[in-house]
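Keep in mind that what you see is a predicted model, and the values were worked out from it rather than measured.
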Amino acid sequence: MKKILFLQSFSLTQPGGGSSIIKKLLSYAKDYKVETIIACDEQELPKAYHQPSIQSGEYHFNRSFINFRYGLGVFLRMFLLFSIDFKGRRSLRTLFTQIHPDIIHITIHGIAAPLYVYAAKKWGKAKIYISIHDYWPILCYTRTPSWIINYVFKKILFSADGIFVISEEMGLFLKEKYAISHYEIIHDGFLNKQEDVIGYIDKPLDFLYVGLLHEMQLATLQHFVAALSKIENKQFVLGVCSNYTLNIPSENVAIKNYSWLNETELKLIAKQYKYGILPVSFEEKDSLFYKTSLMTKIPFYISNALPIIYIGPKYTASYNLIIKEKLGWTIVENNLTYFTKELESLSNLSAIDYDYLLNNHKLSLENTFNIERICKVFYSSMV
């Protein structure tokens, strides 16, 4: 039985798209006769998740503390960028010696990703596979010249025996910019269950948001509530299951904040709603992030019979998929009048059109987001 070490900056006890994807992959590991071990970077771990991580059986590795954003922190990060962290090197070397993995899978996330790959290459004595959920160069080292970041990132790419990307758009971008030769697409998925895609036409016109809510999405969601507020003689509910408590005054939009819920609780909540909301940023500075990253909210919404309302620019990875597979409604102009007009049209959507979207969800679960197919691609690529 081969041993796969999953190494990343976060714990799988933390909420988020990355942990959701890996947990799904782990649930099928025995089908491919592999043993899996999880290790996370203790310096990146929030205090609230330290003990749950240990209790779940995850290994921790350590490194020098340099999470300062300004002043000396900028200088120290340059050392980490080139893997000059002797405490981190020793900790990772000890981890590899203890576990003896056959394969090391690294999620390229967080400021220490170059260190993880460097150590795996030097001391891991195993094949290295990397997963890229977000385009790392635009998320870390923002005060470092881009040519240095691109040099380091390209070195990461070519240190790997295989590359997994979250979207076709990400793969094509990396192929064009860094000349990688091959990639496989691995994202979140669900079991294809008929009961997950039955219609709920009798539900009120209410909306659900699930997932982390970042600052770059918040402005779009505020616009959404403002547009709903302009629709006369109708009442709406916006449910928010997130790390963020949303408070936007409105006479006809009631906001319910659920905070984080487990998957069973989320499924029960989802049955009360008619649409899933997917807001992304209209800002040009965020465009590359959304053009390459596929939002993990999409498979959650379609597995819970929630047609998607995408709010954001055209030609992002999420927009392209929603249009291609006809999974919902798109609002692509950052204009309040346009928002309101589109939402008024949506409020008059017929039962036939609604069920048409849900049937497309069923097809998407059978193909694109079929977790059994995704796991087959993942494990067959490595084992």
Is any side-chain heavy atom of Tyr183 closer than 4.5 Å to one of Phe164?
no
Could you tell me whether Tyr338 atom OH has more than 12 heavy atoms of other residues or ligands within 6.0 Å of it?
yes
Minimum heavy-atom distance between Ser303 and Leu365, given as atom pair plus value
CA-CD1, 3.9 Å
Minimal heavy-atom distance between Leu306 and Ala270, with the atoms involved, is CD2-O, 3.8 Å
Should the pair Lys24 and Phe190 be classed as cation-pi, given the thresholds of under 6.0 Å to the six-membered ring centre and 45° from the axis?
yes
Does Leu349 share a hydrophobic cluster with Phe339, counting links as ILVMFWY side-chain heavy atoms below 4.5 Å and allowing steps through other members?
yes
Report yes if the distance between the aromatic ring centroids of Phe207 and Phe224 is under 6.0 Å, otherwise no.
yes
Give a yes or no on whether Tyr315 atom OH has more than 12 heavy-atom contacts from other residues, nucleotides or ligands under 6.0 Å away.
no
Closest approach of Gln14 and Ser19, non-hydrogen atoms and distance?
O-OG, 2.7 Å
Check Pro299 against Asp188 and note the closest heavy-atom contact, atom names and distance.
CG-CB, 3.8 Å
Taking all atoms of both residues into account, what is the closest heavy-atom pair of Phe61 and Leu95, and its distance?
CD2-CD2, 4.1 Å
Tell me if the centroids of the rings in Tyr354 and Tyr275 come within less than 6.0 Å of each other.
yes
Using the side chain to side chain contact (heavy atoms under 4.5 Å, CB included) rule, take Phe96 and Lys125 through it: C-alpha gap first, then chi angles, then the decisive distance, then the call.
CA-CA 8 Å; Phe96 300 145; Lys125 297 179 182 179; over 6 Å; no
Tell me whether Arg89 at atom CZ has more than 12 heavy atoms from other residues, nucleotides or ligands lying less than 6.0 Å away.
yes
Can you tell if the side chain of Lys376 reaches within under 4.5 Å of the side chain of Phe378, non-hydrogen atoms only?
no
Aromatic ring proximity, centroids under 6.0 angstrom, His133 and His187:
no
If you measure only the distance, is there a donor-acceptor pair under 3.5 Å linking the side chains of Glu42 and Asn62?
yes
Ring centres of Tyr129 and His105 under 6.0 Å apart?
no
Between Asp41 and Arg63, does any side-chain N to carboxylate O distance fall below 4.0 Å?
yes
Considering all heavy atoms of both residues, which atom of Ser83 and which atom of Tyr118 are nearest to each other, and what is their separation?
OG-CB, 3.3 Å
Verdict with reasoning, Glu366 to Lys362, per salt bridge (Lys or Arg N to Asp or Glu O under 4.0 Å):
CA-CA 6 Å; Glu366 289 175 355; Lys362 180 177 181 296; 2.6 Å; yes
Partner of Tyr135 by ring-ring contact (aromatic ring centres under 6.0 Å, His included), out of Tyr290, Phe153, Phe289
Phe153
Restricting to pairs with a member in residues 225-264, which pass ring pair (Phe, Tyr, Trp, His ring centres under 6.0 Å), not counting sequence neighbours?
none
Just checking, any donor-acceptor pair under 3.5 angstrom between side chains of Ser229 and Ser250?
yes
